[in-house]
2 protein chains.
Amino acid sequence: MANYEQLRLRNQLCFPLYVCSKEVVRKYKPLLDELDLTYTQYITMMAMWEHRQLSAKELGTILYLDSGTLTPVLKTLEKKGFVERQRSKEDERSLIISLTPEGNELQDKAAHIPAAMGKCIDMDLEDLQTLHRLLHKFMDTSIK
Amino acid sequence: MANYEQLRLRNQLCFPLYVCSKEVVRKYKPLLDELDLTYTQYITMMAMWEHRQLSAKELGTILYLDSGTLTPVLKTLEKKGFVERQRSKEDERSLIISLTPEGNELQDKAAHIPAAMGKCIDMDLEDLQTLHRLLHKFMDTSIK
DNA sequence: TTAAATTTAATTGTGTACAATTTATCTGAT
DNA sequence: ATCAGATAAATTGTACACAATTAAATTTAA
């Protein structure tokens, strides 16, 4: 008789990852609605606040997103006035994304979000730090 | 001068969660292609293998998915012959999902997947167990 | 008992994700 | 100098994911 214990949802690592990720993104929604940003647009803006200017290629590397996802996200952010898209002069293949003044101002409006999210998470600091460390370890050792 | 340290991607908990989740799902793809299942269809089948019969409502609770996502997934799985959809006799609002013989046989073909995925993850067992425990704790304390 | 509230799926609309392909540009080896 | 290969975005197609709404069935309460 076969033992399918390993096929139970509760024994998977992938399933709680998948659920936690989705539910955290869902918790961001009311906060991000105030900024007129989706979660994907928000992490894109976080990368832009940090780097001011990036090629679409570099953004994709930072965010782990391909052009199929990023192209429409960047067009939307441009339409909202938060970034500018322009071809590189040195290499016409490359698309340079720059933060606009409006995009820069948005950072002030977003400044309270990390603390607001923190209040939703009812775990002690040590567990959160361990979780953070292990997720980064997982990313570094198991991805690509 | 404002300090936006908390707005950096690397300091977020959400971002590594989001990346790890996506990348794990991507790693499943070649294994699931052999079964003609997507990741969402796979976790749905895992729930069905475990419970044999569930209402759509119960499935949604187990998988953290709403009817907007589940309805098309279940129709696809029915088209593939792995589950049956029928209205409950006692409560016509309720949709009963049952495993078909073909769906049951699929479990044999899936039995090797957890071990195959395990080989992709280059972390020691203790870290994986800690990660698993903390993700469940996160789910239990911080979701809904 | 019947009207209001609740519950369950389905539908609609928007926005990702990603594989695969296409198009344009650039680089390097001959 | 040129063309074969590489690179960067965009496009196409499929499949979620979820909020909001709708529709039907059931339950509750006046």
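Naming convention: chains lettered A, B, ... in sequence-line order (proteins, then strands); numbering from 1 in each chain.
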In this structure, are over 12 heavy atoms from other groups packed under 6.0 Å from Lys80(A) atom NZ? yes
The side chain of Ala56(A) is closest to which nucleotide in this list: dA17(D), dC26(C), dA9(D)? dA9(D)
Would you classify Thr38(A) as touching base, sugar-phosphate or nothing, given that sugar-phosphate means primed atoms plus P, OP1 and OP2, and contacts are heavy atoms under 4.0 Å? sugar-phosphate
In terms of side-chain heavy atoms of Thr71(B), which of dA17(D), dA19(C), dA10(C) is nearest? dA10(C)
Where the side chain of Arg93(A) is defined as all heavy atoms beyond and including C-beta, which of dC18(C), dA17(C), dT25(C) is the nearest nucleotide? dT25(C)
Separation of dG15(C) C1' from Ile43(A) CD1 (nearest whole Å): 13 Å
Across the strands shown, which category fits Asp91(B) at heavy-atom distances under 4.0 angstrom: base, sugar-phosphate, nothing? sugar-phosphate
Kindly point out which of dA19(C), dT11(C), dC18(D) is positioned nearest to the side chain of Asp66(A)? dA19(C)
5'-most contact on DNA chain C: Lys29(B) or Arg85(B), nearest heavy atom basis? Arg85(B)
From the options dC16(D), dA17(C), dA10(C), select the nucleotide whose nearest atom is closest to the side chain of Lys22(B). dA17(C)
Spacing of Lys89(B) atom NZ relative to dT26(D) atom P, expressed in whole Å: 12 Å
Have a look at Thr76(B) and say if it touches a base, only the backbone sugar-phosphate, or nothing, with a 4.0 Å heavy-atom cut-off. nothing
Atom CD of Gln41(B) to atom C1' of dC16(D): distance rounded to whole Å? 10 Å
Relative to the ring of Tyr18(A), is the ring of Tyr39(B) parallel (under 30°), tilted (30 to 60°) or perpendicular (over 60°)? perpendicular
Give one of base, sugar-phosphate or nothing for Val73(A), where a contact means two heavy atoms less than 4.0 Å apart. sugar-phosphate
Rounded to whole angstroms, how far apart are CD on Glu58(A) and P on dT7(D)? 15 Å
Closest nucleotide among dC18(D), dA19(C), dT16(C) to the Glu23(A) side chain: dC18(D)
Atom-pair distance (CG on Asp33(B); P on dC18(C)), nearest Å: 14 Å
With a 4.0 Å cut-off on heavy atoms, is Ser94(A) in touch with a base, just the backbone sugar-phosphate, or nothing at all? sugar-phosphate
If you compare all heavy atoms of Ala56(B) against all heavy atoms of Ile97(B), which two are closest, and at what distance to 0.1 Å? N-CG1, 4.2 Å
For Leu70(A), which contact category applies under a 4.0 Å heavy-atom criterion: base, sugar-phosphate, or nothing? nothing
Take atom CG of Leu74(B) and atom P of dA10(C), then tell me their distance rounded to the nearest Å. 8 Å
Check the phosphate of dT11(D) against Lys75(A), side-chain N and O only, distance under 4.0 Å to OP1 or OP2. Yes or no? yes
Rounded to whole Å, the CG-P distance (Leu65(A) to dA9(D)) equals 13 Å
Under 4.0 Å between any heavy atoms, over every strand shown, what does Glu90(A) touch: base, sugar-phosphate, or nothing? Just pick one. sugar-phosphate
Count the heavy atoms belonging to other residues, nucleotides or ligands that lie under 6.0 Å from CD of Glu5(A), then report whether that count exceeds 12. yes
Given that Ser67(A) and Glu92(A) both sit by DNA chain C, which one's nearest nucleotide is further toward the 5' end? Ser67(A)
Counting distance only, does the side-chain N/O of Asp66(A) pair as donor-acceptor with the main-chain N or O of Thr69(A) below 3.5 Å? yes
Nearest to the side chain of Arg87(B), which nucleotide is it out of dA17(C), dT25(C), dA9(C)? dA9(C)
Can you tell me if Thr40(A) touches the phosphate of dA17(C), counting only side-chain N or O atoms and a distance under 4.0 Å to OP1 or OP2? yes
Distance check needed: dA9(C) C1' versus Ile97(B) CD1, whole Å only. 10 Å
Would you mind telling me which residue lines up with the more 5' stretch of DNA chain D, Ile96(A) or Tyr18(A), judged by nearest nucleotide? Ile96(A)
Exactly one candidate in Arg10(B), Gln12(B), Arg8(B) meets side chain to side chain contact (heavy atoms under 4.5 Å, CB included) with Met46(A); the answer is Gln12(B)
Within-4.5 Å side-chain heavy-atom neighbours: Leu35(A) and Met45(A): no
